[in-house]
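Worksheet for the structure shown next.
On a predicted model such as this, the values are computed, not experimentally measured, just so you know. Each chain gets a letter, A, B and so on, in the order its sequence line appears, and its residues count up from 1.
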Amino acid sequence: MPTELATRYTPADIEPAILQRWNDARAFHAEPTDAGPPYSIVIPPPNVTAALHMGHALNNTLQDILIRWRRMAGDNAVWLPGTDHAGIATQTVVEKRVLKEEGKRRTEFQRDEFVAKIQAWKDEYEATITNQLKTMGCSCDWERQAFTMDETRAKAVREAFFQLFRGGLIYRGKRLVNWDPVTQTALADDEVEMEEIDGHFYYLRYPLAPDKSEIRNPQSEIHFVTVATTRPETMLGDSAVAINPRDPRAAALRGRKVRLPIVNREVPIIEDEYVVLPDPDGDEKARYSSGFLKVTPAHDPNDWELGLKYNLPQINVLAPDATISDKHGWPEDDRLRGGDLLDTLIGLDRYEARQAIVEWFRQNDLLEDVKPYRHSVGHSYRSHVAIEPYLSDQWYVATKKQIGDAKSELIPGTDVPMNSLAGYALRAMDMTQRSDPLSLGERAGVRGSGDERGQRSSQSPSDAIEANPRSALSQAPSPQPSPSEGRGGQPWEGQLRFIPDRYARTFQAWHENLRDWCISRQLWWGHRIPVWTRPSMPAHTYAMGEPDLLLAKLFEWHRQDRLVMQGAGRLLTGAEKIGKDALYFVCVRNDSDSEITDLLESEGFVQDPDVLDTWFSSALWPMSTLGWPDDTPELRAWNPTSTLSTAREIITLWVSRMTMFNIYFRSQVPFKEVFIHAMIQDGEGRKMSKSLGNGVDPLDIIHSHGSDGMRFTLAQMTTQTQDVRLPVVRDTSGGGTGRNTSEKFDAGRNFANKLWNATRFALQNLEGASNNSESPPAPRVGDPTPGGGGLSLSSTSPSSLALADTWILSRLARVVHDSTAALQNFEFSSYAQGLYDFIWRDLCDWYIEVVKPTLRDDADERDVLALCLDVSLRLLHPVMPFVTEALWEHLNAAAPDRHEAARRFGDIAIPPSALLIRAAWPGVPMTLMDPKAEEEFGLIQQAVSAVRQVRTLYKVPPRQKVKLSAKVPAAMAQKAVARPTLFLETLANVEVEEIGPKVDKPADAAVAVVGLAEFYLHGLIEADAEKARLSKRLEELDKSIKTLEGRLGNAAYVDKAPPHLVQQTREQLEAAQREARTVREQLAAL
RNA sequence: GGGCGGUUAGCUCAGUUGGCUAGAGCGCAUCCCUUACAAGGAUGAUGUCGUGGGUUCGAGUCCCUCACCGCCCACCA
């Protein structure tokens, strides 16, 4: 038997026990064979770099709300938890820690040794993270917890890599990558952060090399060209100087060469439109341009392109740590020309080298100018140093390469083939969210025709769609499938929807401009690339048909689908001749296939030392968490997953890649809905981050406000906005814990306490009373009429209280409907707010206050109250799981038969359940909707408020009873007579003398006017105060009368506005005028 | 350079197809420890809804302009 509840809800006393209860019941666990339609969410696996912060708390709260809701609604709901190894990020934090604690660098360890250290870190933080999620109440299926580098996920990664490799979608390329010289690894484009820095433009003179044109044109005064650069140090690797062919100087320089200072290399002058013409009045680039561009293919992405175009040498002059180096592709003979001077530069850091080189140009009178220049430079998101465009060998996934044999056309307006990874992602998009040029014209046309205002927007088609997606869709004859779209009829097409839909644009634009994905990382922490190669080719040539045992074996295994070979830039299947210089890449399907790997290694092959980009394994997450590549029941039941909830910054990094992979490997979208939540900023609008030190541990908030309080507030904050601010302070309560806290969470904490106490009150009355109310109320005459006169609940209770009952039940029906709809639409804020308002305002402030005096004697009231609490706890459970589950147990004990009572009221199904987490989500009891009761009760509320106002104004002590009489018009009198009496006596502490149509105002009474009724509070008259009050009221009334009259005086309004609005305005005016008249009379009487 | 979001009460934010006499929480003021809750109750004060135009009977809500704040994307010599 539940004992008495404490007067306060103290989360710390309750939460652990509730967690234990769920755990004992395996309440979070689901099997694919369980009943109900499948519903699944994969957690965006948090990085094991650090503990979770408020952004995670927000995201996981929302996911838990969805999961708990769908679970209650009868779905077979599963939430798959796990963590991400976060390659570079984790390795970096561990490197920093080891350096700090042991004073050693990574390179001083063996690979295995260091990976073990990272593994230890991972274990520590995975435990921390898991504990945080559990403490928050996240109902993840912990029996299915995954890690991106555990055995199952590793198998998925190998298989995925193999299949892509076999499909020709993975290739090796020499490219300029974003190189982080500190961590010494390549970064993906999206791991590079642009930062504004104050730099300089250096104007360097390159002397022209003497040649015969000088003889042809002796008048030429050009002895040197001046290049403008922000990076003088890369001039060592220049292999050309470019000029725009339209530049007037171009003709004179045609065919000439320049002698590159310091290195004394002669490089050609090439002409290309790419070069910006100098123009003092032009844009920034033109203003700074000298008209000559130094071309350094190995150290600048633009120059790389030019280099390919003009077949220029790629001269790399930097080491991986960004020091000047002659060991990484700088031809020796070239270098020798530089002599001693060059030797002094070698070994210098890139910035030291810059200074030295600029200084040399200055001393040799070749430095024409230096201008300050503010520009943005890519920085590593890990080490925060400027990235270096660096030439290296990397593995790529071809994102726009045609998949399969059948030639597919391009997606209109793009260079993306329909059948390519990027094409898959684009085609997966919901039709109404995708703006593609073909169907767009039609949609915009429909909307724009004959609509002046549509003019602008039809020029910008995407606006037209954006402005009104629903009507755009419904008005179009039918969502015209573009010619190519209909053809495939793939089940996954159009299945992916973004909420809010504006983020669909980000997704679309990303894929339309997608570049190949660099997937190799020069790290130790991650999935090793399953490719073996021979560093130097043997002297003889391998080819099919030649008696080579190794090759024969390899091709045999290839036929067994155990490996795939690449050589000379193409897949080898066994039939082709291979050139002498071809490098073999052997991708082994299963890296524990030792028969293959042993042979390879005995033949001098070695496994690629690099690991895969961490997003490669996360891209498989919706499949790998469910057992892919095995064809598991889990996979069949729960992939595609239902909803992905994540942050917008991750749309490109993660959402994109999951989509491409899931479709490629399974012909299914990874998820159907993508909910993008807001980003939590600190009080100053800055992103929360570790480096700023403004991050907040959810456990700190739970400590000060409880898990439910935190969750509730987070849900309440989740509107469709982009960012939310969370001002944070040090917790100084109770002597100061030193933890972070924020008063934003007070609302949630207070609400949990309110619910606790409301239930506590109910229990006190339900428990004792339930025994002696054996006889259920007589069945009502005529079952509830939908939306009509409401219910007459009881033949025993006073009719005045029956109104309160029908009213609160109508409000209850409304909140069931509204909160369910809000969840369906991802409107977490209105879901939370709606329940807050119902429970606090309607149920506590009014219903409970009204029934207080009679509850003990009125079985119907007790049933209504129990029903309201039951449904409230159910509705609230997804967001406040702990307090609701705790109270549920007590409610079960105190009102075990409430579901039967509920059936009587309106056939409401609230089947009993021992655990709330497993209780059924309530259906909307439409029969309880009673607008009339709501309107009538609304008048009562106004009357009570009006009387309270007068009391306050006259400073009547709350305890003091006031005599009251009231005049209500005959029309209302009949039903109103009894009702206001009890309400007013209970809620406004008055003693009602008489209420009727012919009651006169006593001379010494203050008057409160509500609609057609006048309430007289005896013995309060005090001329000055009354005058002041009435004058003020009159002022307000006159103001609104003016407004309303003005509106009605406007012929156009009466003419064009909807009739019911005009009618409503008239009624408002009449009411205001009537009240004003009364007030004036009273003023006159004073 | 392109795109997106924000600008509503002292603070943090709602305001869903234009109809508002503009709301909530916190904070503030006055009163109340009334037998669920002082993390509570009652009452109250506070807004030219960033600027300037436009459309409309009517604009916080739609269109355009400008300003400031923030985010994302972009190969930014």
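To the nearest whole angstrom, the two C1' atoms, one in rU16(B) and one in rG60(B), are 14 Å apart. Spacing between rC73(B) and rC64(B) at atom C1', rounded to whole Å, works out to 26 Å. Atom C1' of rG50(B) sits at a distance of 38 Å from the matching atom of rG40(B), rounded to the whole Å. Rounded to whole Å, the separation between the C1' atoms of rU65(B) and rG27(B) comes to 37 Å. Across the P atoms, rC13(B) and rG6(B) are found 12 Å apart, a figure rounded to whole Å. Comparing the P positions of rG2(B) and rC26(B) gives an interatomic distance of 45 Å, to the nearest angstrom. Taking atom P in both rC63(B) and rC68(B), one finds a spacing of 22 Å when rounded to whole Å. rC37(B) sits 48 Å from rG70(B) when the P atoms are compared, rounded to a whole Å.
If you check rG25(B) for Watson-Crick or wobble pairing at under 3.5 angstrom, you find it paired to rC11(B). Pairing for rU46(B) is absent, with no Watson-Crick or G-U wobble pair whose two atom distances lie under 3.5 Å. Of the nucleotides present, none pairs with rU56(B) by Watson-Crick or G-U wobble criteria with both distances under 3.5 Å. When both distances must be under 3.5 Å, the Watson-Crick or G-U wobble mate of rC4(B) is rG70(B). In a base pair of the Watson-Crick type (N1 to N3 plus N6-O4 or O6-N4) or a G-U wobble (N1-O2 and O6-N3), with each distance short of 3.5 Å, rC33(B) is matched with no nucleotide.
No engagement by D303(A) is indicated, since no non-hydrogen atom pair under 4.0 Å with the nucleic acid exists. If you check every strand for non-hydrogen atoms under 4.0 Å, R8(A) touches a base. Here R1047(A) lies in heavy-atom contact (under 4.0 Å) with sugar-phosphate atoms only. V276(A) comes within contact range of at least one nucleobase, with a heavy-atom separation under 4.0 Å. Using a 4.0 Å heavy-atom cutoff across all strands shown, Y836(A) reaches sugar-phosphate atoms only and no base atom. Base contact: A1057(A) has a heavy atom under 4.0 Å from a base atom. No engagement by D300(A) is indicated, since no non-hydrogen atom pair under 4.0 Å with the nucleic acid exists. Residue K955(A) is out of contact with every strand shown, counting any heavy-atom pair closer than 4.0 Å.
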Quiz prompt | Stepwise side chain to side chain contact (heavy atoms under 4.5 Å, CB included) test for R1066(A) and V1054(A) | solution = CA-CA 10 Å; R1066(A) 289 212 171 95; V1054(A) 180; 3.9 Å; yes

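Remark: R505(A) CZ to I651(A) CD1 distance equals 13.0 Å, nearest 0.5 Å.
For Y503(A) and F498(A), the gap between ring centers reaches or exceeds 6.0 Å.
As a whole-Å value, the separation of D723(A) CG from rU7(B) P is 11 Å.
Between W840(A) and F751(A), the ring planes are parallel. Angles under 30° get that label, and only those over 60° would be called perpendicular.
Contact annotation: side chain of S289(A) to base of rA77(B), donor-acceptor pair present below 3.5 Å. One can find a donor-acceptor pair under 3.5 Å joining the base of rA36(B) and the side-chain atoms of E849(A).
Of the candidates rG19(B), rG25(B), rC37(B), rG25(B) carries the atom nearest the R841(A) side chain, counting heavy atoms from C-beta on. Which of rA77(B), rA36(B), rC4(B) sits closest to the side chain of Y373(A) comes down to rA77(B). Of the candidate nucleotides rU43(B), rG70(B), rC73(B), rG70(B) has the atom lying nearest to any side-chain atom of Q681(A).
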